[in-house]
Amino acid sequence: MPELPEVETIRRDLLPLLRGRAFTHVWVSPDAPRLVQAPSPADFARLLPGRRIGDVSRRGKFLVFHLSGGLYLLVHLRMTGALLHRPSGAPPDRYVRAVLALDDGSELRFSDLRKFGALWLLPDPSPVLGRLGPEPLDGGLTPSLLRELTARRRAPIKSVLLDQRALAGLGNIYADEALFAAGLHPQRPASSLSVSEVERLHEAIGRVLTAALDDRGASFSDYVDASGREGRHQFRVQVFRRTGEPCYVCGREIARVKVAGRSSHFCPRCQPEGRGEGGLRQVGGLPRARRDALVTKPNEVSQ
DNA sequence: CTTATTCCCTGATTGC
DNA sequence: TGCAATCAGGGAATAA
């Protein structure tokens, strides 16, 4: 599931490859009727060729291509999308729903098994991006902003972290990891968090996302970068998809509950239900010796 | 305004 | 072993 660290990894890889390039032609699979959200697929294929790429930026989980003539190409990978940059004549990829050919012979292939991904070509991206909350990694999400957000919502804190209008870029992996790092139970009502708990959560979000970015993202099922390579952070998560395995900090079995329709993984001892103890947890795995002592069976990509 | 639920989609996993 | 049911989840739509 591409979340902020995965999308940012793709952005950083693509920028030097694509800056200055122009699109030459476009193909969109008739089998993916929801892929192009705006304008019509016909106008999309007509308006894109000839446009030159300036900047490539990111907002939340959206990739934003700044094009000549004042247009913006927005890309959202949703669940299983990948944006592959392939050289001329590269072998075919699976599940390719659109191909955007470039003037150096290379092409961008939008691959997407589950067809949830989406593209937009717009003169003004704000109708799509305007409702997103602040960015957690560029100083946009301050502790006081997070406190205001949580104070007026009684929904579980996990739901608030997943709400892109509250803050932009977290998905199921990093919401679970941030709550563990902050020592907070995912079902705690957001408004029940104390000021120091909110500060811990703010700190945890930044640390978790930065650690994942250092690892070029997490590949649990389908995520690959623009070259088709997997990230490494799936080997360093503390709770996500570790149900039944021992907590690296205390040894308790990681539990799973449904929150906001999503699986939520947590340590019942490190993330107690009520207010109280809990503290900032380590991010990115334990030292090798201690981890080996706790893990009973090899902990590869579990589940 | 809020929160909870359903739906989209298809390959992998689970259950009988 | 085989086949059907269930699961996974980002976000839009819908319900309450």
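To find a chain, count down the sequence lines: A is the first, B the second, and so on, and within it residues start at 1.
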Visitor: Between A/Tyr174 and A/His233, what is the ring plane arrangement, given parallel below 30°, perpendicular above 60°, and tilted in between?
Guide: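 The rings of A/Tyr174 and A/His233 sit tilted, inter-plane angle from 30° to 60°.
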Visitor: Could you tell me whether the side chains of A/Asp31 and A/Ser29 share a donor-acceptor contact shorter than 3.5 Å?
Guide: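 No.
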Visitor: Ignoring hydrogens and angles, tell me if any N or O in the side chain of A/Gln164 forms a donor-acceptor pair with the backbone of A/Gly169 under 3.5 Å.
Guide: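 Here the side-chain-to-backbone pair exists.
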Visitor: State whether the side chain of A/Asp43 and the backbone N or O of A/Leu47 hold a donor-acceptor pair below 3.5 Å, judged by distance alone.
Guide: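 It does not hold such a pair.
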Visitor: Could you tell me how far apart A/Tyr223 (OH) and C/dG10 (P) are, to the nearest whole angstrom?
Guide: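 After rounding, the reported distance stands at 15 Å.
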Visitor: Using five pairs at either end of the helix from B/dT2-C/dA16 to B/dC16-C/dG2, determine the angle between the two local helix axes and round it to 10 degrees.
Guide: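 End-to-end axis angle: 60°.
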Visitor: Quick test of your reading of the model: are A/Glu8 and A/Arg11 salt-bridged, counting only N-O distances below 4.0 Å?
Guide: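 Salt bridge: yes.
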Visitor: Tell me: CD of A/Gln37 to C1' of C/dG10, nearest whole Å?
Guide: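 Atom-to-atom, A/Gln37 to C/dG10, this comes out as 12 Å.
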Visitor: OP1 or OP2 of C/dA8 versus the side-chain N and O atoms of A/Lys258: is any pair under 4.0 Å?
Guide: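 Yes, such a contact exists.
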Visitor: Find the distance A/Asp163:CG to B/dT3:P and express it as a whole number of Å.
Guide: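 From A/Asp163 CG to B/dT3 P: 9 Å.
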Visitor: Quick check on B/dT2: is either OP1 or OP2 less than 4.0 Å from any side-chain nitrogen or oxygen of A/Arg154?
Guide: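 No, outside the criterion.
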Visitor: Looking at A/Asp225 and A/Thr9, would you say the former's side chain and the latter's main chain have a donor-acceptor pair under 3.5 Å?
Guide: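 Looks like no, no N/O pair under 3.5 Å.
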Visitor: How many whole angstroms separate atom CG of A/Asp112 from atom P of C/dG9?
Guide: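 Between P of C/dG9 and CG of A/Asp112: 16 Å.
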Visitor: Separation of A/Leu149 atom CG from B/dT2 atom P, in whole Å?
Guide: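 About 10 Å, once rounded to whole Å.
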Visitor: Heavy atoms under 4.0 Å, any strand shown: does A/Ser159 hit a base, just sugar-phosphate, or nothing?
Guide: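 The residue A/Ser159 makes no contact with any strand.
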Visitor: Between A/Asp103 and A/Thr24, do the side chains contain a donor N or O and an acceptor N or O under 3.5 Å apart?
Guide: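 Absent: no donor and acceptor within the cut-off.
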Visitor: Select from A/Arg165 and A/Gly261 the residue whose nearest nucleotide in DNA chain B is closer to the 5' end of that strand.
Guide: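 Looking at DNA chain B, the more 5' nearest nucleotide goes with A/Arg165.
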Visitor: Are A/Glu135 and A/Arg59 close enough, and set up right, to give a salt bridge (charged side-chain N to carboxylate O under 4.0 Å, His left out), and what steps lead you there?
Guide: CA-CA 7 Å; A/Glu135 286 288 328; A/Arg59 183 75 175 87; 2.9 Å; yes
Visitor: Please confirm whether the backbone N or O of A/Leu179 pairs with a side-chain atom of A/Lys158, one donor and one acceptor, at under 3.5 Å?
Guide: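 Not a single qualifying donor-acceptor pair exists.
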Visitor: Parallel, tilted or perpendicular for A/His76 and A/Phe62, by the 30°/60° rule?
Guide: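 Perpendicular, since the angle between the ring planes exceeds 60°.
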Visitor: Heavy atoms under 4.0 Å, any strand shown: does A/Met79 hit a base, just sugar-phosphate, or nothing?
Guide: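 Base, at least one base heavy atom under 4.0 Å.
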Visitor: Can a cation-pi geometry be assigned to A/Arg51 and A/Phe65, taking NZ or CZ under 6.0 Å from the six-membered ring centre and within 45° of the ring axis?
Guide: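 Here A/Arg51 fails the 6.0 Å and 45° test against A/Phe65.
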Visitor: Treat primed atoms plus P, OP1 and OP2 as sugar-phosphate and everything else as base, then score nucleotides 11-16 of chain C 5' to 3': B for base contact with protein heavy atoms under 4.0 Å, S for sugar-phosphate contact only, - for none.
Guide: B-----
Visitor: Please list each protein N or O that sits under 3.5 Å from an N or O in nucleotides 8-12 of chain B, with the distance.
Guide:
unit_1	atom_1	unit_2	atom_2	d
B/dC9	OP1	A/Arg34	NE	3.4
B/dC9	O4'	A/Arg114	O	3.4
B/dT10	OP1	A/Lys115	NZ	2.8

